[in-house]
Peer 1: 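Submitted below is the structure of interest, expressed as structure tokens.
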Amino acid sequence: MKINTLQDLYVEELRDIYNAENQLVKALPKVAQAASSDELRSAVEDHLEQTKEHVERLDQIFESLGESPKGKKCKAMEGLIEEASETMDEDIAENVLDAALIAAAQRVEHYEISVYGTLATFAKLLGREDDADLLGQTLDEEKETDETLTDIAESTINAEASESEEEEEEPVAKKSKSR
Ligand code: FE
Ligand code: FE
């Protein structure tokens, strides 16, 4: 299909993220299952429920556009999920695995944040305020999830992950600013 207008591009991009969100609905249960900390597992499970709502919001938008949501494969999300599952298949210590899962999940959130930011802007430019509102709600949830993941990484995971190499700490010499 030839993309002639911003509206055409908007619909194409919506199809792309629709496919990406559906890939995530399938992939997130595996991530939750792989997580070793309860905190991470429940954060991923919560986000799975939000992700299902993201799909529903997109369904609503497609309905009001009178367009089909089908017809695109998000290769970027496919790649991000593939890398995450490679990590899960690797021989990786349990306490480091969570750090790796968070790293993978944050890549996904950042991808979504950029897509929804763009889509909300397109919606506004096209005068589709209701869409912009729905897309903005999803955007906020992706941002919150990203922050939650950062909090988990900072509080528990990275401390656990560095435990094995933790030895008596020497005072860190103050780095001089001169080069
Ligand atoms: Fe999402
Ligand atoms: Fe997300």
Side-chain angles (χ1 to χ4, degrees), residues 9-65 67-88 97-126 128-158:
L9 180 63
Y10 176 60
V11 173
E12 279 303 289
E13 297 279 346
L14 283 168
R15 287 191 179 121
D16 194 78
I17 194 69
Y18 185 82
N19 176 265
E21 293 283 18
N22 278 292
Q23 289 186 47
L24 288 168
V25 169
K26 282 192 199 141
L28 286 176
K30 291 173 206 160
V31 178
Q33 211 179 11
S36 63
S37 88
D38 293 341
E39 212 181 345
L40 179 57
R41 188 177 320 107
S42 77
V44 175
E45 284 167 354
D46 289 350
H47 195 54
L48 171 61
E49 293 315 306
Q50 288 183 328
T51 301
K52 291 175 185 167
E53 282 171 43
H54 300 172
V55 173
E56 279 170 25
R57 287 187 190 123
L58 292 169
D59 273 323
Q60 241 178 287
I61 293 173
F62 278 108
E63 211 173 296
S64 76
L65 283 163
E67 296 278 357
S68 160
K70 299 273 162 66
K72 261 215 125 185
K73 170 82 136 200
C74 180
K75 288 181 194 150
M77 189 57 71
E78 199 176 38
L80 290 171
I81 292 172
E82 204 176 296
E83 278 198 5
S85 58
E86 275 170 23
T87 304
M88 289 190 273
L97 175 65
D98 278 4
L101 292 176
I102 289 177
Q106 285 192 294
R107 282 195 187 98
V108 168
E109 292 315 309
H110 282 238
Y111 179 81
E112 292 183 295
I113 288 166
S114 81
V115 173
Y116 281 106
T118 301
L119 285 172
T121 303
F122 284 3
K124 277 182 207 147
L125 290 170
L126 293 164
R128 298 189 56 87
E129 291 302 326
D130 291 352
D131 292 9
D133 204 59
L134 289 167
L135 295 164
Q137 286 173 39
T138 297
L139 177 60
D140 288 345
E141 288 174 3
E142 310 292 17
K143 285 181 182 169
E144 278 163 27
T145 300
D146 181 50
E147 279 164 26
T148 302
L149 290 167
T150 298
D151 289 345
I152 296 174
E154 283 173 357
S155 62
T156 58
I157 311 302
N158 289 346

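Below, all heavy atoms of this structure are taken into account, side chains as well, without hydrogens, waters or symmetry copies. Whatever order the structure lists them in is the order used to number ligands and atoms, beginning at 1.
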Peer 1: Can a side-chain donor-acceptor contact be found between Gln23 and Asn19 if the only test is distance below 3.5 angstrom?
Peer 2: yes

Peer 1: Do His47 and Glu142 have side-chain atoms, one donor and one acceptor, less than 3.5 Å apart?
Peer 2: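 A donor-acceptor contact under 3.5 Å links the two side chains.
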
Peer 1: Which of the protein's N, O or S atoms come within less than 2.8 Å of the Fe ion (ligand 1), not counting waters?
Peer 2: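 Under 2.8 Å from the Fe ion (ligand 1) - ignoring waters, which are not counted - the protein N, O or S atoms are Glu21 OE1, Glu21 OE2, His54 ND1, Glu112 OE2, Glu142 OE2.
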
Peer 1: Has Asp146 got a side-chain atom pairing as donor or acceptor with Glu109's backbone, closer than 3.5 angstrom?
Peer 2: no

Peer 1: Please check if any side-chain donor atom of Glu13 sits under 3.5 Å from a side-chain acceptor atom of Thr118, or the reverse.
Peer 2: no

Peer 1: Do we see a donor-acceptor contact under 3.5 Å between the side chains of Ser68 and Arg15?
Peer 2: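 Judged by distance alone, the side chains do not pair up.
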
Peer 1: Going by the side chain to side chain contact (heavy atoms under 4.5 Å, CB included) test, name the single residue among Thr138, Leu24, Leu139 that passes it with Glu112.
Peer 2: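 Among Thr138, Leu24, Leu139, the one meeting side chain to side chain contact (heavy atoms under 4.5 Å, CB included) with Glu112 is Leu24.
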
